[in-house]
Amino acid sequence: MEIIRHIFSFFGHHREMFYFIVLSVFVGIEVIGGVPTVLHTPLMSGANAIHGVVIVGAIYVMLNVNPDNTLALILGFLAVLLGTLNVVGGFVVTDRMLEMFKKK
Amino acid sequence: MKTNLLEICYLIGSVTFILGLKMMGNAKTARKGNLIGAAGMIIAILGTIVLFQKKEDGIVDINYQVPALIYGLIAGAILLGTIIGWMTAKKVQMTKMPELVSMFNGMGGACAALIGLMEFHNNIGHTGASIAIVLSVIIGSISFSGSVIAFLKLNGTMGQPIRLPAYNILNTLVMISVFAFGGYIVYNHLDSNMILYALFGAAIIYGVLFTIPIGGADMPVVISLLNSFTGLAAAFGGFLYDNKVMLTGGILVGSAGTLLTLIMCKAMNRPLSNVIFGAFGGGASTAGPGSDAKGSIKDIGVADLAVLLNYSKKVVIVPGYGLAVAQAQHVIHELELLLEERGVEVKYAIHPVAGRMPGHMNVLLAESNVAYEKLVEMDDINPEFEQTDVVLVVGANDVVNPAAKTDPSSPIYGMPILEVNKAKNIIINKRSMSAGYAGIDNLLFYDPKASMFFGDAKKALTDLVAELKTM
């Protein structure tokens, strides 16, 4: 029972966030609707770059790490590195694809 | 002050993501949209580093200084990641695009899982935070290992789908156990890194099991699905830190990615459940009914084909992945220009799933300067085939297979196809008689109007162009 109470109180505390999530879901659906097939691959790639925002979390954890905790430093370094790969690689490759659609 | 400024940075980031994605839905604004998203990302990242304030129990500790070592490690990781990511993305061939997207996606998933692993210990006893952490570890790991397998499959390293006995039941059981294990950790407030690493390992194994049985034509759908998984994992991270930019970015990609996955499934006329649980691309389907009534195959030489094309009024080219593999997109454009010069109307018929991802073929042809207007989508080109003199199928197979319309036992039955068999002449360029990406036989080759033009697409088309020039 206690866990359910926990979850309920969690929901209460984060009410706005749940609204935020629901609205974001609709924005995501709305934004993609009606996209021509031609653009599906660049769009998937662009979306792929955007979820690289997870790097913000990695940097945040890293800034909070106790410098004596070597394992955490290594994991954090890896997380920031992987996140950067996702962001930079994602945006650059999308740009390369879209470069080809420019009007002649 | 700093906190508010950071929130503004995150707001700008969120708006640029939405705007960027929206602009990417239109060919004219797409490139700018991508750059706007990238700019927002840079603002969010820089803001996080520069405006950081340590919080103890929600209260800002003004005196806390982040050690130089940590700044150094962050800068080093970003620098290294930028160099590697930039070089890889710039160097990769356009044909290898799907693999690369899959790989970058896996990196994001792994990043989310690592964050979860590191934050777990700090949040024991907070049920909500623990749920977010456990889910971000599970989903991030699935996305990571699944993407790596998808990469290996597209790469050709892993060929045939691997199906363990009763893999559907096995996979479902493993999935339920992974989530149940996660629930158990949260419920009992377990504080053991070993247990969390065990969960991490189990989720990695599930990601592998999830992806290995899926083969052939379904890989793009899987990548798109894993893409939305990573979005979800990022969103759980945002939930954990009450970080709005991670939430918007993650959920946006989660929902948009799921919709994109469903759109792709619709283009292939297969429900998503079929992609994940259904057997496809196996060997058993080659001998369906009607295979005995095949008839014979004709082939055509380069000289005859040149004459045929030269005296046609209208030619439609159907490009497929074989064209991309052979790097023949430039020579096909040369052929197109040559024929246009002689007064032949040339168009390209683009099936929604031509290539390995929806729109992949458009990217490849655009790379070789084929005009955007020449690429005609399936629904618009299908009524035109009756007035077409020659259809030239280059390296495409499943998207022109009439079995999708006529043979209910075929695994691609129901998939909309390019109705090339309505054209007066059908020329099919193929390296050999082997089956297509989906691993099934094609009755089109036995059509009385069809002729095979054997050879590697690049070489065969180069010969054809040379032959046409002499005429």
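Keep in mind the model is a prediction, meaning the values are calculated, not measured. Lettering follows sequence order; numbering is per chain, from 1.
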Student: Check each atom of A:Leu23 against the heavy atoms of chain B and say whether the ones under 4.5 Å are side chain, backbone, both or neither.
Tutor: neither
Student: So which part of B:Leu35 gets closer than 4.5 Å to some heavy atom of chain A, the side chain, the backbone, both or neither?
Tutor: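 The side chain, not the backbone.
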Student: Measuring only between side-chain heavy atoms, which start at C-beta, is A:Met97 closer than 4.5 Å to B:Asn34?
Tutor: no
Student: Measure B:Ser224 against the heavy atoms of chain A and call it side chain, backbone, both or neither at under 4.5 Å.
Tutor: both
Student: Need one label for B:Met97: side chain, backbone, both or neither, based on atoms under 4.5 Å from any heavy atom in chain A.
Tutor: side chain
Student: Which residue out of A:Val93, A:Ile50, A:Val65, A:Thr94 racks up the most heavy-atom pairs below 4.5 Å with chain B?
Tutor: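 The answer is A:Ile50.
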Student: Measure A:Phe18 against the heavy atoms of chain B and call it side chain, backbone, both or neither at under 4.5 Å.
Tutor: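 Contact with chain B: side chain only.
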Student: Quick one: what part of B:Ile18 sits under 4.5 Å from any heavy atom of chain A, side chain, backbone, both or neither?
Tutor: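 Both parts, backbone and side chain.
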Student: Would you say A:Ile21 and B:Phe239 make side-chain contact, with heavy atoms under 4.5 Å?
Tutor: yes
Student: Between B:Met24 and A:Leu39, does the side chain to side chain contact (heavy atoms under 4.5 Å, CB included) criterion hold? Intermediate values first, please.
Tutor: CA-CA 8 Å; B:Met24 268 188 258; A:Leu39 287 169; over 6 Å; no
Student: Going through the distances and angles, do B:Phe144 and A:Leu82 end up as a side chain to side chain contact (heavy atoms under 4.5 Å, CB included)?
Tutor: CA-CA 11 Å; B:Phe144 168 64; A:Leu82 294 174; over 6 Å; no
Student: Just grab all the side chain to side chain donor-acceptor pair (under 3.5 Å) pairs involving residues 83-93 of chain A, residues at least two apart or on different chains.
Tutor: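 Checked against side chain to side chain donor-acceptor pair (under 3.5 Å) - neighbours excluded - the pairs reaching residues 83-93 of chain A are A:His51-A:Asn86.
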Student: Looking at A:Leu85, A:Val27, A:Ile55, A:Ile29, which has the largest count of heavy-atom pairs under 4.5 Å with chain B?
Tutor: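 Looking at each of A:Leu85, A:Val27, A:Ile55, A:Ile29 in turn, A:Leu85 comes out on top.
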Student: For B:Asn243, is it the side chain, the backbone, both or neither that has a heavy atom under 4.5 Å from a heavy atom of chain A?
Tutor: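 For B:Asn243, the contact with chain A is made by the side chain alone.
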Student: So which of A:Ser24, A:Ser9, A:Gly83 has the biggest tally of heavy-atom pairs under 4.5 Å with chain B?
Tutor: A:Ser24
Student: Considering only heavy atoms, which portion of B:Ile74 lies under 4.5 Å from any heavy atom of chain A: side chain, backbone, both, or neither?
Tutor: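 The answer is both parts of B:Ile74.
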Student: Of all of A:Leu71, A:Leu81, A:Val87, which one pairs up most often with chain B through heavy atoms under 4.5 Å apart?
Tutor: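 Option with the greatest count: A:Leu81.
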Student: Determine the option with the most heavy-atom pairs under 4.5 angstrom with chain B, choosing from A:Tyr60, A:Phe26, A:Phe11.
Tutor: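 If we count pairs closer than 4.5 Å to chain B, A:Tyr60 comes out on top.
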Student: When heavy-atom pairs shorter than 4.5 Å are enumerated against chain A, which of B:Val186, B:Asp242, B:Ile350, B:Thr258 gives the highest number?
Tutor: B:Asp242
Student: Would you mind reporting whether B:Leu21 and A:Leu43 have side-chain heavy atoms less than 4.5 Å apart?
Tutor: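 Contact flag for A:Leu43/B:Leu21 side chains = yes.
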Student: With a 4.5 Å cut-off on heavy-atom pairs, point out which of A:Gly46, A:Ser45, A:Gly28, A:Gly90 contacts chain B the most.
Tutor: A:Gly28
Student: Using non-hydrogen atoms and a 4.5 Å limit, figure out which bit of B:Lys32 sits close to chain A: side chain, backbone, both or neither.
Tutor: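 Looking at B:Lys32, nothing touches chain A.
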Student: Checking B:Ala129 against chain A: side chain, backbone, both or neither under 4.5 Å from a heavy atom?
Tutor: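 Backbone only.
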Student: Name the option with the most non-hydrogen atom pairs under 4.5 Å to chain A; the candidates are B:Asn105, B:Val66, B:Leu252, B:Leu259.
Tutor: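 The candidate making the most pairs under 4.5 Å is B:Asn105.
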Student: So which pairs with a foot in residues 61-76 of chain A pass side chain to side chain donor-acceptor pair (under 3.5 Å), sequence neighbours left out?
Tutor: none
Student: Could you tell me which portion of B:Leu114 (side chain, backbone, both or neither) has an atom closer than 4.5 angstrom to a non-hydrogen atom of chain A?
Tutor: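 Contact with chain A involves the side chain of B:Leu114 alone.
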Student: Non-hydrogen atoms of chain A under 4.5 Å away: do they reach the side chain of B:Val101, the backbone, both or neither?
Tutor: both
Student: Against chain A, work out which of B:Thr230, B:Thr248, B:Ile49 has the most heavy-atom pairs shorter than 4.5 Å and name it.
Tutor: B:Thr230
Student: Is it true that, when you exclude B:Lys55 itself, more than 12 heavy atoms of the residues, nucleotides or ligands shown sit nearer than 6.0 Å to its NZ?
Tutor: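 Counting other residues, nucleotides and ligands, NZ of B:Lys55 stays at 12 neighbours or fewer.
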Student: Name the region of B:Leu364, side chain, backbone, both or neither, that has any atom closer than 4.5 Å to a heavy atom of chain A.
Tutor: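 Contact with chain A: none, neither part.
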Student: Backbone N or O of B:Arg31 within a donor-acceptor pair of the A:Asp95 side chain at under 3.5 Å?
Tutor: no
Student: Which bit of B:Asn26 comes within less than 4.5 Å of chain A, counting heavy atoms only: side chain, backbone, both or neither?
Tutor: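 Contact with chain A is through the backbone of B:Asn26 alone.
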Student: Does some side-chain heavy atom of A:Val61 sit less than 4.5 Å from a side-chain heavy atom of B:Tyr241?
Tutor: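 The answer is yes; the side chains approach within 4.5 Å.
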Student: Which of these, A:Val80, A:Ile74, A:Leu73, sits in a side-chain contact (heavy atoms from CB on, under 4.5 Å) with B:Leu73?
Tutor: A:Leu73
Student: So, taking the atom named CZ in A:Phe77 and the one named CD1 in B:Ile78, what distance separates them when rounded to the nearest 0.5 Å?
Tutor: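 So the CZ of A:Phe77 and the CD1 of B:Ile78 are separated by 10.5 Å.
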Student: Quick check on A:Met62 against chain B: is it the side chain, the backbone, both or neither that has a heavy atom closer than 4.5 Å?
Tutor: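 Both the backbone and the side chain of A:Met62 come within 4.5 Å of chain B.
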Student: Report which part of A:Ala49 has an atom under 4.5 Å of a heavy atom belonging to chain B: side chain, backbone, both, or neither.
Tutor: backbone
